Amino acid sequence: MLVAMVLAAGSGCAAPVSCPSPQDVVAAFNAFEGDLEWDLQADASRESDDVVSVAVHRTRRVTDLRCTTVEAEQPTVACRGVLHRMSSRSRQNFRLIRTADGWRLEDHLNRTGT
């Protein structure tokens, strides 16, 4: 809800370079999904003596991308867009943080051990 209000009230990013491109968003989601897949695989392997395979459908592209800077939290942007995966699409609200390695998805799952 807060992200939607920030997007509605905001005027976009201060400069085009301060907003992620669609390719940046796909890379951030794929990095997050890769980490999630690794964690799920490790958990499944610890809990079973059987061979377990876990696959997470990766984000292929993003459309209708809208981002705005979060004033109090530089270098964070609040975004929304349509994520396209294997055979599904979903409208998502998300926040990205700019790091030295590029954009990364803000992790709200509070996973431990990472």
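Treat the numbers as computed from the prediction; the structure is a model and nothing was measured. By convention here, the first residue in the shown sequence is residue 1.
- Note that OG1 of T76 and CG of L96 are 9.0 Å apart. Values are rounded to the nearest 0.5 Å.
- Between atom CG of residue L83 and atom CG of residue D64 there is a gap of 11.0 Å, rounded to the nearest 0.5 Å.
- R98 CZ to T69 OG1: the interatomic distance, rounded to the nearest 0.5 Å, is 12.0 Å.
- Here the closest non-hydrogen pair linking A28 and W103 is CB-O, 3.6 Å.
- Considering only residues two or more places apart in sequence or on other chains, R85 meets the salt bridge (charged side-chain N to carboxylate O under 4.0 Å, His left out) condition with E33.
- Residues S18 and V77 come closest through the heavy atom pair O-CG1, 3.6 Å.
- Rounded to the nearest 0.5 Å, atoms CD (E106) and CZ (F94) are 12.0 Å apart.
- Cluster annotation: V62 is connected to F32 through the hydrophobic network of ILVMFWY side chains, with a link wherever side-chain heavy atoms come within less than 4.5 Å.
- Between V26 and R61, the shortest heavy-atom contact is CG2-CA, 3.6 Å.
- Residues satisfying the side-chain hydrogen bond (donor to acceptor under 3.5 Å, both in side chains) test with R58, not counting sequence neighbours, are E37.
- Note that OG1 of T68 and CZ of R95 are 11.0 Å apart. Values are rounded to the nearest 0.5 Å.
- In this structure, C67 and L65 approach most closely via the heavy-atom pair SG-CD1, 3.8 Å.
- D43 places no side-chain N or O within donor-acceptor distance of the main-chain N or O of L40, the cut-off being under 3.5 Å.
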